[in-house]
Chemist: 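Structure provided below as structure tokens; questions to follow.
Quick caveat: nothing in here was measured; it's all calculated off a predicted structure. Read the numbers this way: they start at 1 and go in the same order the structure lists the ligands and their atoms.
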Amino acid sequence: MELHLYDSPTFRMACQQFDLVADFMNIPETARDRLKMPKRALSVAVPVRMDDGSTQVFMGYRVQHHLTLGPTKGGIRFHPEVTIGEVAALAMWMSWKCALVGLPYGGAKGGVTCNPRNLSSGELERLTRRYTQELIPVLGPQVDIPAPDVGTNEQVMAWIMDTYSLQIGHAVPGVVTGKPVLLGGSLGRREATGRGVAYLVSRAMDTLGIQAQGATAVIQGYGNVGSVAAVSMAKQGIKIIAVSDAFGGIYNPQGLALNKLNDHVAATRSVVGFPESEPITNEQLLLLPCDILVPAALERQITEENAAKIQCRILAEGANGPTTPEADAILSQRPEIFVIPDILCNSGGVIVSYFEWVQDLQSFFWSEGEVMDKLFRLLEQSYMQTLNHARKNQISMRFAALSLGIKRVHEAKAMRGLYP
Ligand code: NAD
């Protein structure tokens, strides 16, 4: 099937991964396009009145990958490099992720091509509201439920909830997750992805027999996922020796003082220039010797260029799609590196988003302890299923996770049949 609408390095990468797993699972050619190609995509022009009085038009997208198991679910990204192909790839990964951890959702993703750092708060609000307005025909608590991703946060989710609710005529908290708690958000949602990463890192250390005390970690991307993962791993006794963001990285072999670093980031909006450290580039950071390497920024960071040179014991993929299939082939020759694949590693975010949606539908809210307990139980089950599947079939953790997720969607489509 022609891919031209979505053609981009990231979508080709998602398709390549899918085809490798489909070969392994002997999925017939006739079933592949039905599983792979996104069900719906909406592309919208988003005109925004800027503070200087001019009007600027931004491109926005929403891709819903499959509708077989329930509404679709997935984050919204505000970033200068957003394309419909990237959004489609991220939607496909969301499908396999939701199926892997057993959530009643198909995958979706959305994005607006913009640089949110260059927008004033008023411009960001107008952009978010107009984008939401354009998406209204395809959104809803039983249709498609957005959440935060790169460049978006609780405030953006609150504007989405408000814009949608104004159209419907009453408050509809279940249309979006990752909202402020006061508006029907879930306790623990903001921290869920990073805490989930740290939980799975500790399970991988158990599997490998690595002690947390004295272990070292390096984190690419010090945003929501990376910073919470850092703090959670530090609580386990792991030393965070380097972190980075889009502006550069910092390194201190003695371990970074995260409390002070978080104050520095709050004041300057970057890790760069943190006093108790030396500067390091993102490329150098990925090659540092460490026990745990956490890519928590964007796709395609571990590539055929650097996969042979990374020096970690555990590669914990906080980001979506950080490792290319070419890099995977190299890593498969390096059994000393244990990969926690993205669709498992960062699934804590969508798991607690699901809990938030359930709480909104019931108007009955849980304590943070309940949320975390349910999160860790689901992660534990998914980790053990993936590990056992990998061991039994002598396949990589990524292959195991993808094949479990794809199998469930494949079977569900077969059970529902083809209409008409
Ligand atoms: P965020 O916007 O909060 O943080 C992203 C961070 O990455 C920022 O610090 C940014 O400066 C940095 N960054 C951007 N480009 C970089 C580069 N080239 N090199 C190094 N750092 C760079 O976003 P987030 O929500 O933390 O998302 C990070 C990753 O985690 C994304 O891949 C996202 O899809 C994935 N993810 C997020 C969630 C969630 O709940 N937020 C859930 C699952 C997966």
Side-chain angles (χ1 to χ4, degrees), residues 10 14 73-82 86-87 89-94 96-98 100-101 107-111 114-117 146-157 176-179 185-186 188-197 200 218-231 242-250 261-262 265-266 268-272 280-286 293-303 316-323 340-356 375 379:
T10 312
K73 187 92 194 75
I76 289 183
R77 177 172 293 194
F78 287 176
H79 190 272
E81 275 145 40
V82 163
E86 180 192 57
V87 172
L90 290 162
M92 196 193 306
W93 287 323
M94 279 303 292
W96 314 144
K97 188 187 305 182
C98 292
L100 171 67
V101 298
K109 209 78 182 190
C114 67
N115 188 344
R117 284 180 79 102
D149 191 75
V150 175
T152 57
N153 56 21
E154 287 180 13
Q155 178 60 73
V156 172
M157 299 305 117
V176 72
T177 59
K179 302 175 290 295
S186 178
R189 170 61 186 89
R190 190 192 311 148
E191 300 83 5
T193 313
R195 284 186 188 164
V197 170
L200 292 165
V218 166
I219 299 175
Q220 184 198 39
Y222 202 71
N224 174 305
V225 178
S227 65
V228 175
V231 170
V243 302
S244 67
D245 59 27
F247 308 97
I250 55 169
L261 175 60
N262 290 341
V265 172
T268 67
R269 297 172 76 201
S270 174
V271 299
V272 173
I280 185 168
T281 66
N282 261 298
E283 293 72 34
Q284 292 166 331
L285 171 134
L286 292 173
L293 176 60
V294 185
L298 298 173
E299 305 87 56
R300 305 171 59 76
Q301 299 300 306
I302 317 280
T303 64
E317 296 182 338
N320 286 305
T323 307
I340 313 175
D342 51 2
I343 63 166
L344 172 65
C345 193
N346 66 37
S347 63
V350 73
I351 291 173
V352 177
S353 272
Y354 165 65
F355 295 158
E356 179 173 331
L375 167 65
L379 286 176

Chemist: Measuring from Glu86:CD to Arg77:CZ, what's the distance to the nearest 0.5 Å?
Modeler: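 Glu86 CD to Arg77 CZ: 4.5 Å, rounded to 0.5 Å.
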Chemist: Any protein heavy atom under 4.0 Å from atom 18 (N) of ligand 1?
Modeler: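 There is no protein heavy atom less than 4.0 Å from atom 18 (N) of ligand 1.
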Chemist: Using a 4.0 Å cut-off to any heavy atom of Gln220, which atoms of ligand 1 qualify?
Modeler: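 Near Gln220, meaning under 4.0 Å from one of its heavy atoms, ligand 1 has 19 (N), 20 (C).
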Chemist: Report the nearest protein non-hydrogen atom to atom 23 (O) of ligand 1: residue, atom name, distance rounded to 0.1 Å.
Modeler: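 Result: Val150 CA, 3.4 Å.
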Chemist: Among all protein heavy atoms in this structure, tell me which lies nearest to atom 15 (N) of ligand 1, with the distance rounded to 0.1 Å.
Modeler: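 Atom 15 (N) of ligand 1 sits closest to the protein heavy atom Leu298 CD1, 3.6 Å.
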Chemist: Specify the protein heavy atom at minimum distance from atom 3 (O) of ligand 1: its residue, its atom name, and the distance to 0.1 Å.
Modeler: Asn224 N, 2.9 Å
Chemist: Carefully, step by step, assess Leu90 and Val87 under the rule side-chain contact (heavy atoms from CB on, under 4.5 Å).
Modeler: CA-CA 5 Å; Leu90 290 162; Val87 172; 5.5 Å; no
Chemist: Could you give the distance from CE (Met157) to OG (Ser353), rounded to the nearest 0.5 Å?
Modeler: 9.5 Å
Chemist: Out of Asn346, Val225, Asn282, Leu286, who is nearest to atom 20 (C) of ligand 1 when you count heavy atoms only?
Modeler: Asn282
Chemist: Taking only heavy atoms of Gly318 into account, list the atoms of ligand 1 that are under 4.0 Å away from them.
Modeler: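 Here the atoms of ligand 1 in question are 30 (O), 35 (C), 44 (C).
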Chemist: With respect to Thr193, determine whether any N or O atom, backbone or side chain, lies less than 3.5 Å from an N or O atom of ligand 1.
Modeler: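 N/O-N/O distance under 3.5 Å: yes.
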Chemist: When you compare ligand 1 with Ala297, is there at least one nitrogen or oxygen pair between them that comes in under 3.5 angstrom?
Modeler: yes
Chemist: Evaluate the criterion side-chain contact (heavy atoms from CB on, under 4.5 Å) for residue pair Val231 and Glu191; output intermediate values, then yes/no.
Modeler: CA-CA 10 Å; Val231 170; Glu191 300 83 5; over 6 Å; no
Chemist: In the protein, what heavy atom is nearest to atom 21 (N) of ligand 1, and what distance, to one decimal place, separates them?
Modeler: Asp245 C, 3.2 Å
Chemist: Going by heavy atoms, is Arg189 under 4.0 Å from ligand 1?
Modeler: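 Contact present.
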Chemist: Under 3.5 Å between any N/O of Gln301 and any N/O of ligand 1: does that happen in this structure?
Modeler: no
Chemist: Which atom names give the shortest non-hydrogen contact between Arg300 and Thr10, and what distance separates them?
Modeler: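 Smallest heavy-atom distance, with atoms named: CD-OG1, 3.8 Å.
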Chemist: Considering the heavy atoms of Asn320, write down every atom of ligand 1 situated less than 4.0 Å from one of them.
Modeler: 32 (O), 33 (C), 34 (O), 35 (C), 36 (N), 44 (C)
Chemist: Which heavy atom of Ala147 sits nearest a heavy atom of Thr152, and at what distance?
Modeler: O-OG1, 4.5 Å
Chemist: Distance from Gln220 atom CD to Asn282 atom CG, nearest 0.5 Å?
Modeler: 4.5 Å
Chemist: Any non-hydrogen atom of Arg77 lying under 4.0 Å from ligand 1?
Modeler: yes
Chemist: Roughly how far, to the nearest 0.5 Å, is the OG atom of Ser347 from the CE atom of Met94?
Modeler: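 Atom-to-atom, Met94:CE and Ser347:OG are 9.5 Å apart.
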Chemist: Look at atom 16 (C) of ligand 1 and say which protein heavy atom is nearest, naming residue and atom and giving the distance to 0.1 Å.
Modeler: Ala246 CA, 3.8 Å
Chemist: For atom 2 (O) of ligand 1, which of Gly151, Gly223, Pro148, Gly75 has the closest heavy atom?
Modeler: Gly151
Chemist: How does Ala296 reach ligand 1, by side chain, by backbone, by both or by neither, if only non-hydrogen atoms under 4.0 Å count?
Modeler: backbone
Chemist: Quick one: does Ser244's side chain get under 4.5 Å of Ile280's, heavy atoms only?
Modeler: no
Chemist: Hydrogens and angles aside, do Asn346 and Asn320 bring a side-chain donor and acceptor to less than 3.5 Å of each other?
Modeler: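 Distance-only check passes for Asn346 and Asn320.
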Chemist: If you measure every N/O of Gly226 against every N/O of ligand 1, is any gap under 3.5 Å?
Modeler: no
Chemist: Does any N or O of ligand 1 fall below 3.5 Å from an N or O anywhere on Asp149, backbone included?
Modeler: yes
Chemist: Working to the nearest 0.5 Å, report the span between CD of Gln301 and OG1 of Thr323.
Modeler: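 One gets 9.5 Å once the value is rounded to the nearest 0.5 Å.
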Chemist: If you round to the nearest 0.5 Å, how far is CG of Leu285 from CD1 of Ile250?
Modeler: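 These two atoms lie 9.5 Å from each other.
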